Amino acid sequence: MKIFGPKSLSSFFYYIFRSISIVLLAFLSYMEFAFVTNRFTVQDGRFHMKIPLTANSIDGNYQSSDILTISLVLIFGILLFYLLSNIFKALKKTIIFNKGIVKNLKLLTILNLIIGPVLYFLIHYPIMHKTEFRNIHNLILLIIFGMISLFLTYVFQKGYTVQSENDLTI
Amino acid sequence: MSIVVNLNTVLADRNLKSKELAEMIGITEANLSILKSGKAKAIRFSTLDAICKALDCQPADILAYEKE
């Protein structure tokens, strides 16, 4: 199977990641709608919300901090999968060194190296009021992912320059 | 860039149109237009060879260096 170009593995991943981002967006929208319209039950300080068309449910402490955390993490997830889908969309093209991939890789780097860690500390301390430093692997993974993305941005930037020069060689 | 393409002058001297030259040297009109406008980043020796052959000229007749 081809890796790049139309009808390739990139095309397959584009549809997968775009679907995940749409599902997450629908999930977030439903959750916010359910909270606003009181479509949930509260028992022993925990909320219980059924997910339509599935046997699953969302449970959590009925506190603004928990709800805000879930919402923020979902927004981060939507952005992450949306950007990943955009990257694979750019890789679907015949010429993979294009402006689209450089732009989306830059945004992915910002998301992982800046927004992700800021969100992590925001959730950890001001929102959840945690005293100990936990789940550090999430932060490490974000930074590793961000660094890979940063290097890939520069590789594709260089590739785009070479491609442009090649296209303008008569 | 300091390299100037004087293809228009040479074409006018030979009473040739861009379309005719493009056909003679086997490149597209669009690419020839890029070359004439100075937007090209590089020129292949094979293209230069074909242009010189078609126009019966020297590379220096087509390309010139001008200080910026």
Side-chain angles (χ1 to χ4, degrees), chain A residues 1-11 13-14 18 83-113 146-170, chain B:
Chain A
M1 197 177 186
K2 284 194 297 176
I3 301 290
F4 306 119
K7 290 181 185 173
S8 62
L9 203 58
S10 303
S11 187
F13 278 121
Y14 161 65
R18 186 55 66 95
L83 286 176
L84 281 174
S85 73
N86 276 350
I87 289 166
F88 283 103
K89 189 182 179 185
L91 289 174
K92 268 171 60 182
K93 291 181 181 170
T94 321
I95 296 169
I96 59 163
F97 295 109
N98 53 59
K99 269 186 181 174
I101 193 156
V102 175
K103 186 184 132 195
N104 283 295
L105 276 169
K106 259 183 201 168
L107 291 173
L108 190 71
T109 305
I110 294 168
L111 188 74
N112 283 292
L113 282 183
M147 288 309 290
I148 292 169
S149 175
L150 179 72
F151 277 88
L152 278 178
T153 306
Y154 282 94
V155 167
F156 274 88
Q157 178 80 60
K158 191 83 184 163
Y160 176 68
T161 312
V162 173
Q163 180 75 52
S164 306
E165 282 179 1
N166 186 51
D167 290 345
L168 287 171
T169 299
I170 312 296
Chain B
M1 210 194 288
S2 334
I3 301 292
V4 182
V5 181
N6 295 320
L7 208 49
N8 272 334
T9 322
V10 184
L11 277 174
D13 290 345
R14 309 286 193 279
N15 276 327
L16 266 175
K17 287 180 182 166
S18 296
K19 195 182 172 183
E20 291 168 323
L21 178 66
E23 279 171 11
M24 283 162 80
I25 62 174
I27 66 168
T28 62
E29 267 191 273
N31 277 346
L32 189 63
S33 171
I34 291 170
L35 186 62
K36 284 196 322 181
S37 63
K39 285 179 187 164
K41 293 270 181 189
I43 181 165
R44 290 191 185 92
F45 277 153
S46 56
T47 312
L48 195 59
D49 176 69
I51 293 172
C52 289
K53 202 176 279 176
L55 299 176
D56 189 26
C57 64
Q58 291 297 314
D61 298 330
I62 305 163
L63 304 172
Y65 173 76
E66 274 180 14
K67 276 189 182 171
E68 279 178 301

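By convention in this document, chain letters (A, B, ...) are assigned in the order of the sequence lines, proteins followed by strands, and residues within each chain are numbered from 1. Since the structure is predicted, the reported quantities are computational estimates derived from the model, not experimental observations.
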When rounded to the nearest 0.5 Å, the distance separating CD1 of B:Ile27 from CD1 of A:Ile170 is 6.0 Å
Item checked: NZ (A:Lys2) with more than 12 external heavy atoms under 6.0 Å -> yes
| said: Would you say NZ of A:Lys89 has more than 12 non-hydrogen atoms from neighbouring residues, nucleotides or ligands within 6.0 angstrom? | reply: no
For B:Lys36, does the NZ atom sit with more than 12 other heavy atoms under 6.0 Å from it, leaving out its own atoms?
yes
So, the part of B:Ile43 with a heavy atom under 4.5 Å from chain A: the answer is both
Closest non-hydrogen atoms of A:Thr169 and B:Arg44, given as atom of the first, atom of the second and distance, are O-NH1, 3.5 Å
